[in-house]
Amino acid sequence: MRDIYKNLIQEMEEDEISRSLKREVIQLIGDRRSYPDTQTYSAYRDMAFAIAQVGEEAGFCRGFRYALQLFMECR
């Protein structure tokens with residue numbers, strides 16, 4: 001499932017969900033001026049995006065399983 005997810009992500013263009021996720025992550029980490037320097041801000045931002053990516057991948061895998069179970073029950 002993870003390979004399927006990675007392949008899909010590489011092929012997809014940025015959509016409203018991706019843009020919304022980016023806005024939310026940026027909002028959660030706060031204003032750039034609240035960090036001592038740009039390097040610290042960038043490190044926190046990159047870490048937040050990496051964490052969001054892990055959650056998005058896990059959500060895809062979980063959704064895939066649920067969809068498959070639903071399909072099997074409907075059959």
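Heads up: numbering here begins at 1 and tracks the sequence.
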Enquirer: Starting at CD of Glu56, measure out to SG of Cys61 and round the result to the nearest 0.5 Å.
Expert: 11.0 Å
Enquirer: Return yes when atom CD of Glu14 has more than 12 non-hydrogen atoms of other residues, nucleotides or ligands closer than 6.0 Å, and no otherwise.
Expert: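 Yes.
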Enquirer: CD1 of Ile9 to CD of Gln53: how many Å apart, nearest 0.5 Å?
Expert: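 Between Ile9 CD1 and Gln53 CD, I get 6.0 Å after rounding to 0.5 Å.
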Enquirer: On the 0 to 90° scale, with breaks at 30° and 60°, tag the Tyr35-Tyr41 ring pair as parallel, tilted or perpendicular.
Expert: perpendicular
Enquirer: Quiz question: by atom type and distance under 3.5 Å, do the side chains of Ser20 and Glu24 form a donor-acceptor pair?
Expert: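 Distance-only check passes for Ser20 and Glu24.
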Enquirer: Tell me if the CG atom of Leu28 is crowded by more than 12 foreign heavy atoms within 6.0 Å.
Expert: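 Enclosed.
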Enquirer: What distance do Phe60 atom CZ and Leu8 atom CG have between them, rounded to the nearest 0.5 Å?
Expert: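 That separation rounds to 5.0 Å.
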Enquirer: About how many Å separate OG1 of Thr40 and CZ of Arg45, when rounded to the nearest 0.5 Å?
Expert: 12.0 Å
Enquirer: Check the surroundings of atom CD in Gln27: do more than 12 heavy atoms from other residues, nucleotides or ligands lie under 6.0 Å from it?
Expert: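 Count not over threshold, so no.
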Enquirer: Any Lys/Arg nitrogen of Arg62 or Glu57 sitting under 4.0 Å from an Asp/Glu carboxylate oxygen of the other?
Expert: no
Enquirer: Are Ser18 and Asp15 linked by a side-chain donor-acceptor pair shorter than 3.5 Å?
Expert: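 Ser18 vs Asp15: donor-acceptor pair found between side chains.
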Enquirer: From Lys22 NZ over to Ile17 CD1, what is the distance, rounded to the nearest 0.5 angstrom?
Expert: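 Those atoms lie 13.5 Å apart.
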Enquirer: If you draw a 6.0 Å radius around OH in Tyr5, do more than 12 non-hydrogen atoms from other residues or ligands fall strictly inside?
Expert: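 For Tyr5, atom OH is crowded (more than 12 foreign heavy atoms under 6.0 Å).
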